[in-house]
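Remember, it's a predicted structure, so these values are computed and weren't measured experimentally. Here, residue 1 is the first one in the sequence, and each next residue gets the next number.
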Amino acid sequence: MNAPFPFSARTLRRTCVVLGLAVLAAACGSKAEPTPDAGGLNVAPYVLDLDEDSATLCWVSAAPMASTVQVTGPQRVRHFGDRAHRRFHRVELTGLQPGTDYRYSVADIHQAVLSTPTDDRHFRFAAFGHVAGTQSPREYPVEALPNALDDFGAAFGLCCGDITYYTSVPGFAEAFFGPFQDYLATRPVHVAPGNHDGGFPQQRGFDYTAFRTMFPHDYGNADEGAYHTFTRAHVRFIALSYCPDRKDGFVRQLAWLESVLEADESEFVVVFFGGANPPQVGYDEDALFGVLAKHEVDAVFCHDGSGVFQTEVQGIPRFHIGTSGTGVRSFHLIDASPYELRVRLADTTRRMQGHLWSIPSQRTKSVVRTVENGARIDRPTCARLHFRGVSTPRTEFDGVCIKIDWPHERTGVLQVLWTPEEGPDLERKGDGAYYRCRLLRMGTPGTHEFLVSLPRDEPLTGKTYTVKDLVLRIDNAPNSEPVEIETLVQELSLVRNG
């Protein structure tokens, strides 16, 4: 067993790594004299990309050094990178295992732990914007934001631009990589550039050279723009650069976007970009949202300026997540589940707003089988429709589709329960024999269609299972007639994605 480290990763990061902005300024043409830092690094190692079986680390060193990373995983120590000396470093860690912790070390002093994700379709991420983008560095304080994202359990972040005021490597280092250092050491923040990130003040037009240097993704165009895509489980994410840096650059970006969307088979597609201050030429919002609507993109997050509000463009929910003009930073938390994205507004006081946006899946599902002959069971507080003998292995379907005709003005709550054929070692009887999937709300009269996922493995045993019975339950309203549940349920079917 490896000997434990005498200091925590956070302590080491804060005591051994400091930003040498004067050195970076010298490298970018400034006459400032270089000043050494304790760890020899100008920008501490940060996670650029993180997948189930790989990760990409970047950092900037004060002087040329070897791009090597030591990674300690389960019962194994590996080394990645090469011995070529450079100042801007990008090292890919490959052959990792999903859902595993890895401790990495750079330059023998900087240490942190990253955790690879799994293909679990339940995860949380955050969206925010306008980290800097103003000449007054204290106008929109950002120091509390990464800690809040960490406290809320955001696995990664989407940033809608303006992470500096003047575009430069020192500007990115001071306004973004410094405040986010601890967060970025363990997980990525994917940045879609705003107008301040592309050569601001644009005396010679937009230029993404510095941005692409600090965020060396596999971009959609090797020569222009700064747009890229990545996936996490069942969600496709697309970062756009709404300020074109070349003539007809936005047209070429839309062509790339359409090619990505045409080939995509993800359950959800999320697009994010700046968009608060569109350039006079190049950017075409009607054309952009025309492409997004054509391919049924599920949500757009944007705004590299001030203002927090929500609109809808060509049927697509658009969440504006800039700054609110106060020291309290707002951001969106998004909980992904197999058939739904749930968006909630939060802020750096750790307050989560009560208002929730629910974005259901729009993808086509194929019916594996229709479940029929439900038996009504009345109880004083609820009506239940019991479907016995479903007896279908969970491996043969992905979810349950329910179509229900709700005639009432009052809100109804539908519960979906299920029980496995292979019960756990602990005997469970009566209502205790059923697992509850979730609560489904019917707020208006009309036909409602719900998609509900069941866990891949039996929750108590962790093994594969066969669904024995399904139960639909609707609570009765006080002082009202019992719900005629058997006449409300139009269809109950087991479905498979695609």
Side-chain angles (χ1 to χ4, degrees), residues 52 98-99 117-125 153 155 231-237 264-270 296 298-299 333-344 356-371 374 384-387 390-404 412-424 433-442 447-474 489-498:
E52 296 172 29
T118 68
D119 62 352
D120 186 3
R121 295 189 170 199
H122 294 84
F123 59 90
R124 170 176 286 182
F125 61 97
T231 59
R232 174 66 66 94
H234 61 313
V235 184
R236 164 78 62 179
F237 296 91
D264 184 70
E265 296 181 353
S266 302
E267 193 72 34
F268 293 97
V269 178
V270 172
E296 298 183 326
D298 298 283
L333 288 173
I334 304 95
D335 290 307
S337 60
Y339 296 131
E340 183 186 32
L341 298 179
R342 308 182 80 188
V343 185
R344 197 185 295 268
L356 177 76
W357 294 272
S358 175
I359 303 173
S361 170
Q362 304 180 70
R363 307 300 176 257
T364 301
K365 306 293 182 292
S366 57
V367 176
V368 174
R369 61 168 292 194
T370 300
V371 182
R384 298 161 61 105
L385 201 57
H386 197 146
F387 296 85
V390 176
S391 302
T392 303
R394 171 62 179 81
T395 54
E396 294 183 4
F397 68 99
D398 294 306
V400 177
C401 179
I402 306 158
K403 294 180 182 179
I404 187 164
V413 178
L414 172 68
Q415 296 185 37
V416 183
L417 304 99
W418 62 278
T419 185
E421 222 167 59
E422 301 83 8
Y434 291 89
Y435 294 106
R436 187 180 73 182
C437 294
R438 52 168 300 190
L439 300 177
L440 306 169
R441 296 191 179 277
M442 301 167 290
T447 300
H448 299 264
E449 182 174 330
F450 300 103
L451 283 169
V452 179
S453 63
L454 271 63
R456 289 181 300 180
D457 300 320
E458 208 279 340
L460 292 182
T461 65
K463 300 178 180 178
T464 58
Y465 64 96
T466 294
V467 175
K468 179 183 179 182
D469 297 340
L470 285 168
V471 174
L472 303 181
R473 165 180 167 162
I474 299 179
V489 177
Q490 305 299 308
E491 182 180 329
L492 175 66
S493 55
L494 308 182
V495 298
R496 180 174 288 279
N497 298 342

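Here the CD1-CG distance, from Ile404 to Leu414, works out to 5.0 Å after rounding to the nearest 0.5 Å. With rounding to the nearest 0.5 angstrom, the CD1 atom of Ile402 is 8.5 Å from the CG atom of Leu451. Between the CG atom of Asp298 and the CG atom of Leu341 there is a distance of 6.5 Å, given to the nearest 0.5 Å. Here the CG atom belonging to Asn497 is positioned 11.0 Å from the CD atom belonging to Glu265, to the nearest 0.5 angstrom. Taken to the nearest 0.5 Å, the CD atom of Gln415 stands 10.5 Å off from the CG atom of Leu472. The distance from atom CZ of Arg342 to atom CG of Leu356, rounded to the nearest 0.5 Å, is 5.0 Å.
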Dump the intermediate steps for side chain to side chain contact (heavy atoms under 4.5 Å, CB included) on Phe125 and Arg232, then the final yes or no.
CA-CA 10 Å; Phe125 61 97; Arg232 174 66 66 94; over 6 Å; no
- Should Leu494 and Val400 be marked as a side chain to side chain contact (heavy atoms under 4.5 Å, CB included) after you check the CA-CA gap, both sets of side-chain angles, and the distance that decides it? CA-CA 5 Å; Leu494 308 182; Val400 177; 4.0 Å; yes
Under the side chain to side chain contact (heavy atoms under 4.5 Å, CB included) criterion, do Tyr434 and Val471 qualify, and how do the steps go? CA-CA 9 Å; Tyr434 291 89; Val471 174; 3.6 Å; yes
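Pairing each heavy atom of Thr466 with each of Ser391, the nearest pair is CG2-C, 3.6 Å. Annotation for Leu454 and Cys437: closest pair CD1-SG, 3.8 Å, computed over non-hydrogen atoms. Looking at every heavy atom in both residues, Val413 comes nearest to Met442 through N-CE, 4.2 Å. Among all heavy-atom pairs drawn from Val367 and Ser493, the shortest one is CG1-CB, 3.9 Å. Scanning both residues, Arg236 and Asp264, for their nearest heavy atoms gives NE-OD1, 2.9 Å. Closest approach of Phe268 and Ser337 over heavy atoms only: CE1-O, 3.8 Å.
Aromatic ring centres of Phe387 and Trp418: separated by at least 6.0 Å. The aromatic ring centroids of Tyr339 and Phe450 lie 6.0 Å or more from each other.
Residues passing the salt bridge (charged side-chain N to carboxylate O under 4.0 Å, His left out) test with Arg124, sequence neighbours excluded: Asp335.
Within the cation-pi definition used here (under 6.0 Å to the ring centroid, within 45° of the axis), Arg394 qualifies as a partner of Phe397.
For the pair Lys365 and Glu267, the salt-bridge criterion is met [side-chain N within less than 4.0 Å of a carboxylate O]. Salt bridge Arg456/Asp398: absent, no basic N to carboxylate O contact under 4.0 Å.
Put simply, the side chain of Thr392 gets close to the backbone of Val390: a donor and an acceptor are under 3.5 Å apart. In this structure a side-chain-to-backbone donor-acceptor pair under 3.5 Å is missing from His234 to His122. Between the Ser266 side chain and the Val269 main chain, no donor and acceptor come within less than 3.5 Å of each other. Without hydrogens or angle criteria, Tyr465 side chain to Pro459 main chain gives no donor-acceptor distance under 3.5 Å. Judged purely by atom type and a 3.5 angstrom limit, Arg496 has no side-chain atom pairing as donor or acceptor with the backbone of Val368.
Glu421 is not listed as a side-chain neighbour of Val467, based on a closest heavy-atom distance of 4.5 Å or more. Residues Leu470 and Leu492 meet the side-chain proximity criterion, which asks for heavy atoms closer than 4.5 Å. For the pair Arg363 and Glu296, the minimum side-chain heavy-atom distance is below 4.5 Å.
Ser358 and Glu340 form a side-chain donor-acceptor contact under 3.5 Å, judged by distance and modelled atom types alone.
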